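Everything quoted here is computed from the prediction, not taken from an experiment. Residue numbers begin at 1 in each chain, while the letters A, B, ... track the order of the sequences. Only heavy atoms go into these numbers, but all of them, side chains included; no hydrogens, no water, no symmetry mates.
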Amino acid sequence: MAGVRVRELRKEFPGGDPPVVAIEDISFTVDGQEFVSVVGPSGCGKSTLLNILSGIDTATRGQVDITQNGRPARLGYVFQSARLLPWRSVLDNLLFVQPARGPADRERCRRYLDMVRLGHTAGQYPGQLSGGMQQRVGIARAFSIEPDLLLMDEPFSHLDAITARSLRRELHDLWQETRKTVLFVTHDVSEAVELSTRILMLAPGGRLVADLPVRLPFPRDPAADEVALARADLLRRFESLDLLAG
Amino acid sequence: MSRARTLVRDTGERWRRWAWRLAGYAVFLGAWQGVSTFLVEGFVVPPPRAILTEMGGIVASGQVWIHFGATLRTIAIGFAVAYALGAAAGMLMGRSRWWEAFLSDWVLATLTTPGLIFALVAAMIFGLGPAGPVAAVIVTSFSYVAVNVVEGVKAVPHELVDMARAFGRGPAPVVRHIYLPFLAPYLFTAVRYGFSIAWKIATLSEVIVGTAGIGFMMRQKFQEFSMTGFLAWVLLFFAFALFLERVVVQRGMRRVLRWRVTAAVR
Amino acid sequence: MAWVRSPRAARLLSWGCFLAAWQVAVPLLPTDLLPTPSAVAAFMVAELRRDTLAPHTVYASFGLSFQRLGVGLFLAFAAGVPLGLLMGLRRWAEDFLHDFAVAGLAMPSLAWALVAGMWFGFGDLAPVVTVTLAAVPFVVINVAEGARNVPADLLQMSTAYRVGRTAVIRHVILPALMPFFFAALRYGLANAWKGLVLAEVWASTEGAGWVIKFWYDAHRSQGIVGYALFFVLVALLIERVVFGRLSRWVFRWRPARQHDSPDGAGPVTAGASGRA
């Protein structure tokens, strides 16, 4: 599986004086089959980080190295909103990104739609689906190119709590099944604790303040004591950060 | 401190935008001059200077007041009548489905029929003279005004009307404090659209049956095959119409819509 | 009496009132040139049966006008789409061209028609050029608006998935521009059609507009009114049938009841003065 190596990565947005620093010289590595959450409050550069890793944005300086056995890794990206082409059918939306994987393969696309239990919607337009179903199509799209690395940018934050919860479970099952390397951005501490094998804490200004393994067995019940403890611990760490900053 | 920087950058940006804008005018005038000097005869595309001189002549000789006056009178009478009728019809159509069904076919038909038809029919009824253009203006502007007022009436929020009723206010304050403020932008849009249509149909009518007016002069120059004169009149017309619409109407609009502008800025 | 209060009764009543008023008013007007409704109906039936005093049948005249309209609109799109894209994508082009586009929107089509008439004389060229000039500003402004509104999030998504340039153009950019092309066509066509009629009156010897002039000169008012009704019928046909069908097909992906205008930034519609 793919590894991610980020070294001394810095991103500044010109326009302010001094320029606004979105990411301040962070370094980390992610190994194969890990599920790593990047957690932090709004505006701490989480999305910027993913955009740089995916090639949407460029870094001011520093190195990003995402390879799979020496070749550039294949990336899947799940966005905050589904970002489906509204004028193409669900199946065509999956086919649209297939060139990243190789020749378009309808069967593979259908298989991944089935995996998110949306096989019956293949011929429908995204506008005919609910928000939760659209997000599931977005997830199926990311998995359908069989990526080496999966980037996810707060994929459940626009959904209601009940839908988000069932989608989290679905994502976890998919990850258990496929064992993709996942980099998962969220501001929701309990979501991170529930899903990840490791948590990177980002503070405002894009500083990487902690790199914490989560050694709890799966499946994790959000109500269980040890999960609640881990969540409380993480929140305490963020609160102490605020004290230092303020 | 960073705000000061931003201001500096904004002024730089503004300068660049104005430079491009001026470049646009310069290139346009240059191309025009080039075409009339090198490519075609001067009477086909007269040089900008000649048109400016002609415009100056028209203004200086006082002709402009005679003909603009004639056209403006046509528009003023026609548009006042059309506005009163259209606003009344729009109110009726907005508030009652019966009146909407009664009037909507006619409004739609007058919106889609080419203005030429009304100009010609008015010409046949009233013959040469000022009455035909006035009638054509009334019929065409009426629908534009009505359509906008209907939109406005439908946009008045029911909750506010209900709220006023709940506090026991009578119809007069409801009209004054709820209907009018919400209708105001639509009433002004109606003025703008109705007015720009009134200009066009008035000049068109004058081209056909006018004995004076901008359209009448445009026909004269067309028949004399005087491109310079024609363009001079068109540009004067254009400048005047734009001035009335942009400066007079929009300034009035801004004053009446203060509450909305501040809401948008803050 | 309850049925009188229904909208359907109102519609019937309004047609009835209109026809009655027309029939009654004609003898009272200060002219004997106005036709009665029956005279107009008789004229229209005769025209449709190719029985006419004009040099061409109604079919030939409208057919010719449509050809001119088609050629003119094609030219308007050929010139307007590249300009509009440039304006929408490059700030300097927007500053450079904006005032001319707005002035073009506000220019009465009468002026275009007469200028084209003086330049090109009688023939096909003046009407075609009028159509092009009257439609181009609508094309430019709407396409520019569309180019500014191509959804950035979908472009980013395409970048993240390494989708090729042609696929992006075909599956993202063109569909996103579609509503704006549509608005350009609809409003450009409406303005061009008015200009075309005028150009045919003063700078042509055939076509639907010229036939109206023919009836005017021949003092046949039923001809004018009858042709006016033909115009209304054609306009309704284009609006309801052609545009209605086309937009339902092009925008079939939209959830119900949004088939008309693009969401978010609206297309530029009437020619009052462009943007406020």
A.B. asks: Salt-bridged, Glu170(A) to Arg136(A), with N to O below 4.0 Å?
C.D. replies: yes
A.B. asks: Ring centroids only, cut at 6.0 angstrom: are Trp193(C) and Phe66(C) within range, meaning strictly under it?
C.D. replies: yes
A.B. asks: Only pairs of heavy atoms separated by less than 4.5 Å count here; which of Thr159(C), Leu154(C), Leu155(C), Val250(C) has the most with chain A?
C.D. replies: Leu154(C)
A.B. asks: Between Thr181(A) and Gln33(A), do the side chains contain a donor N or O and an acceptor N or O under 3.5 Å apart?
C.D. replies: no
A.B. asks: Heavy-atom distances under 4.5 Å only: say whether Leu84(A) touches chain C with side chain, backbone, both or neither.
C.D. replies: backbone
A.B. asks: Of the backbone (N, CA, C, O) and the side chain (C-beta and beyond), which part of Val163(C) lies under 4.5 Å from a heavy atom of chain A, both, or neither?
C.D. replies: side chain
A.B. asks: Tell me, side chain or backbone of Pro86(A) under 4.5 Å from chain C's heavy atoms, or both, or neither?
C.D. replies: both
A.B. asks: Of the backbone (N, CA, C, O) and the side chain (C-beta and beyond), which part of Arg101(A) lies under 4.5 Å from a heavy atom of chain C, both, or neither?
C.D. replies: neither
A.B. asks: With a 4.5 angstrom heavy-atom cut-off, which part of Phe79(A) approaches chain C: side chain, backbone, both or neither?
C.D. replies: side chain
A.B. asks: Give a yes/no verdict on a cation-pi contact between Arg252(C) and Trp249(C), requiring under 6.0 Å between NZ or CZ and the six-membered ring centre and an angle within 45° of the axis.
C.D. replies: yes
A.B. asks: Working to the nearest 0.5 Å, report the span between CG of Leu196(C) and CG of Leu73(C).
C.D. replies: 9.5 Å
